[in-house]
Amino acid sequence: MKTIDSIPTGKIGRTSKMVQTGVKVGGNYIKYYSKKAFDKNINRDQLNEDNASDIYDGLKSLKGSALKVAQMLSMEKSLLPSAYVEKFSLAQFSVPPLSAPLVRKTFKKYNGSYPEQLYDTFATQSVNAASIGQVHMATKNGKKLAVKIQYPGVADSISSDLAMVKPIATRMFNMQGKDSEKYFKEVEGKLLEETDYILEVQQSKEISEACVNIPNLKFPKYYEELSSERIITMDWMDGIHLSEFTKLNSDQNLANKIGQALWDFYMFQIHNLKAMHADPHPGNFLIDKDYNLIAIDFGCVKRIPEDFYNPYFQLAERKNLNNNEFFNGKLFELEILRETDSKKERDFFSEMFYEMFNMFSTPYQSETFDFSDEAFWNNLTELSERYSKDPDLRKMNGTRGSQHFLYMSRTYFGLYNLLHDLEAKVEVNNYKIMS
């Protein structure tokens with residue numbers, strides 16, 4: 001793969017790159033409408049493919065939070081055309097890496113020493129490049145290590161990057177008014193946390209130590225003395241990405257074993273720690289030769305406050321969900337309904353969130369749940385697609401709910417997606433025996 005010798009770090013340079021990308025996208029639309037004038041039957045598939053390629057090419061050269069947003073959107077399979085999902089999913093664990101000279105320069109800037117001065121061996125060619133950093137293999141005192149290096153300028157460009165993508169996100173998700181600011185603040189805060197590698201090491205140790213008794217789940221050991229604000233050193237973990245495993249696996253028992261570890265891992269975090277690994281994409285999980293699940297990259301951890309956790313999971317119980325007075329009261333607590341709502345708005349959002357809570361909580365209604373159930377998955381997808389295209393919703397202020405919904409919904413949708421790809425059957429309450 002071609003390497004990158006420099007990354008635009010200043011606001012002007014990064015904005016210029018986005019403008020160039022915008023010009024390319026504009027040209028794609030001109031070509032599309034020119035062809036459409038002569039052939040009314042032409043669909044938007046080629047336009048979507050061209051736009052997805054041009055946008056991704058622009059973002060991958062910027063790296064950082066702009067590329068991280070593309071990675072997040074790649075998980076929203078019901079909101080984006082498939083061309084975008086396919087292209088943006090490359091941001092999960094396959095983007096052009098920094099060149100060897102830039103790696104050494106960046107390492108020296110962050111750690112005060114060149115990598116060969118700290119490790120016995122250090123491979124300057126990365127083994128994995130993602131949106132915020134890339135991973136290199138090293139050894140020290142006979143130990144095989146993974147060294148994650150953050151891209152230059154990522155932390156300093158978060159605010160300006162989000163300002164660039166904000167207009168696109170606002171239109172895509174129908175955000176209106178000043179209330180949308182709380183969501184952007186939530187994203188900005190999480191992205192800033194992801195660039196703080198000292199915090200990531202702390203979170204990694206905290207969650208891995210708390211989850212040590214979950215069967216078939218492993219974590220790397222982290223080395224604080226070889227880590228810093230922009231560098232993380234951890235044990236090298238041999239394995240293949242979860243997405244690779246799902247393509248190769250045909251053994252239902254193995255799918256269930258790994259799916260159970262994944263389910264227990266998330267349920268234990270959410271219900272016992274009130275904190276969770278909030279970036280559940282396949283690039284953050286490996287499968288080793290003994291078919292253990294390995295969880296890596298704890299940069300994005302969402303803390304769940306009690307005043308959100310309680311009403312949220314109270315509505316996972318069907319008796320509460322079907323009690324109109326109780327249900328509507330919780331919608332106010334969760335900032336979904338407002339005193340200023342018209343009757344039409346109140347009725348619309350009550351029905352919408354009833355359907356959403358009903359669908360999200362379906363696995364909780366039985367002792368075992370089969371995530372290969374196509375009826376469940378099709379209903380979930382249909383629900384997302386229907387409301388993303390609903391003309392009434394687009395006329396209303398669709399900015400609803402506490403900011404905590406953002407990462408909670410992302411985590412659950414990502415988890416369900418991984419379990420569906422695995423086609424795993426899980427014991428729903430198994431995590432409780434580890435509490």
Side-chain angles (χ1 to χ4, degrees), residues 72-86 89 173 242-243 245-267 270-271 276 280-282 285 293 312-324 327 330-331 336 348-393 401 405 408-432:
M72 292 167 70
L73 289 174
S74 74
M75 295 167 63
E76 304 293 339
K77 295 182 180 179
S78 59
L79 293 179
L80 293 178
S82 59
Y84 287 88
V85 172
E86 184 176 336
S89 66
F173 297 107
L242 183 57
S243 54
F245 174 80
T246 57
K247 290 176 185 174
L248 298 171
N249 182 57
S250 58
D251 187 326
Q252 187 63 53
N253 289 328
L254 289 179
N256 292 346
K257 173 185 174 179
I258 292 165
Q260 188 69 56
L262 186 63
W263 175 263
D264 290 345
F265 175 50
Y266 272 95
M267 293 306 102
I270 291 168
H271 298 294
M276 61 190 179
H281 70 71
F285 294 97
L293 179 72
Y312 187 90
F313 284 101
Q314 284 169 342
L315 293 184
E317 296 181 40
R318 291 292 159 83
K319 66 177 182 179
N320 294 330
L321 195 60
N322 293 322
N323 180 329
N324 279 342
F327 174 66
K330 295 304 169 185
L331 293 190
I336 293 164
F348 180 89
F349 286 110
S350 292
E351 180 181 350
M352 174 181 171
F353 278 88
Y354 176 87
E355 287 191 90
M356 288 183 171
F357 272 105
N358 190 63
M359 184 56 62
F360 132 77
S361 64
T362 297
Y364 284 98
Q365 306 311 310
S366 54
E367 287 299 316
T368 61
F369 190 78
D370 187 351
F371 280 93
S372 69
D373 182 355
E374 287 301 322
F376 169 74
W377 193 252
N378 290 339
N379 287 339
L380 183 64
T381 303
E382 186 275 330
L383 181 65
S384 298
E385 288 179 344
R386 175 156 47 90
Y387 279 113
S388 69
K389 298 172 183 175
D390 192 292
D392 288 332
L393 180 59
F405 270 107
M408 182 66 90
S409 298
R410 178 193 180 202
T411 298
Y412 263 101
F413 188 82
L415 173 63
Y416 286 4
N417 206 1
L418 294 178
L419 290 166
H420 175 70
D421 288 346
L422 274 169
E423 298 186 345
K425 186 175 183 179
V426 303
E427 300 293 328
V428 173
N429 294 308
N430 193 60
Y431 74 95
K432 293 180 179 178

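- When all heavy atoms of L331 and L315 are compared, the pair lying nearest together is CD2-CD1, 4.3 Å.
- Listed by chain and residue number, F308, Y312 satisfy the ring pair (Phe, Tyr, Trp, His ring centres under 6.0 Å) test with F405 (two or more places apart in sequence, or in another chain).
- Judged purely by atom type and a 3.5 angstrom limit, N323 has no side-chain atom pairing as donor or acceptor with the backbone of K319.
- Annotation for T411 and M276: closest pair OG1-CE, 3.4 Å, computed over non-hydrogen atoms.
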Trace of the ring pair (Phe, Tyr, Trp, His ring centres under 6.0 Å) decision for H420 with F376:
CA-CA 10 Å; H420 175 70; F376 169 74; 8.5 Å; no

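- Among residue pairs with one or both ends in residues 251-266, none qualify as salt bridge (Lys or Arg N to Asp or Glu O under 4.0 Å); sequence neighbours excluded.
- N256 and Q260 are not linked by any side-chain donor-acceptor pair at a separation below 3.5 angstrom, with hydrogens and angles left out of the test.
- To the nearest 0.5 Å, atom OG1 of residue T362 and atom CG of residue L380 are 8.5 Å apart.
- Taking the side-chain hydrogen bond (donor to acceptor under 3.5 Å, both in side chains) definition, one finds that E382 meets it with R386, sequence neighbours left out.
- Here the straight-line distance linking atom CZ of F357 with atom CE of M352 works out to 11.0 Å at 0.5 Å rounding.
- Formation of a donor-acceptor pair under 3.5 Å by the R318 side chain with backbone atoms of N358 is found in this model.
- Within the model, atoms CG of L262 and CG of L419 stand 5.0 Å from one another, a figure rounded to the nearest 0.5 Å.
- The minimum heavy-atom distance between A255 and L422, with the atom names listed, is CB-O, 3.3 Å.
- Here Y354 pairs with N322 under the side-chain hydrogen bond (donor to acceptor under 3.5 Å, both in side chains) rule; sequence neighbours left out.
- Only one option out of F265, Y431, Y266 pairs with H271 in a ring pair (Phe, Tyr, Trp, His ring centres under 6.0 Å); it is Y431.
- To the nearest 0.5 angstrom, N253 atom CG is 11.5 Å from K425 atom NZ.
- Between L418 and P280 the shortest side-chain heavy-atom distance falls below 4.5 Å.
- Residues passing the side-chain hydrogen bond (donor to acceptor under 3.5 Å, both in side chains) test with T246: none are found, sequence neighbours excluded.
- Nearest heavy-atom pair, M359 versus N379, reported as atom, atom and distance to 0.1 Å: CE-CB, 3.4 Å.
- When atom types are taken as modelled, the side chain of N417 and the backbone of F413 share no donor-acceptor pair closer than 3.5 angstrom.
- For F371, the ring pair (Phe, Tyr, Trp, His ring centres under 6.0 Å) criterion is met by W263, F369, Y416, not counting sequence neighbours.
- Atom-to-atom distance recorded for S250:OG and E423:CD is 11.0 Å, nearest 0.5 angstrom.
- Taking E367 as the reference, N429 meet the side chain to side chain contact (heavy atoms under 4.5 Å, CB included) condition, with sequence neighbours excluded.
- Using a distance-only test at 3.5 Å, with no hydrogens or angles considered, a donor-acceptor pair links the side chain of Q365 to the main chain of S361.
- Contact check for L242 versus I258: side-chain heavy atoms found under the 4.5 Å cut-off.
- A search for side-chain hydrogen bond (donor to acceptor under 3.5 Å, both in side chains) contacts involving N320 returns nothing, not counting sequence neighbours.
- For K330, the salt bridge (Lys or Arg N to Asp or Glu O under 4.0 Å) test picks out E333, with sequence neighbours left out.
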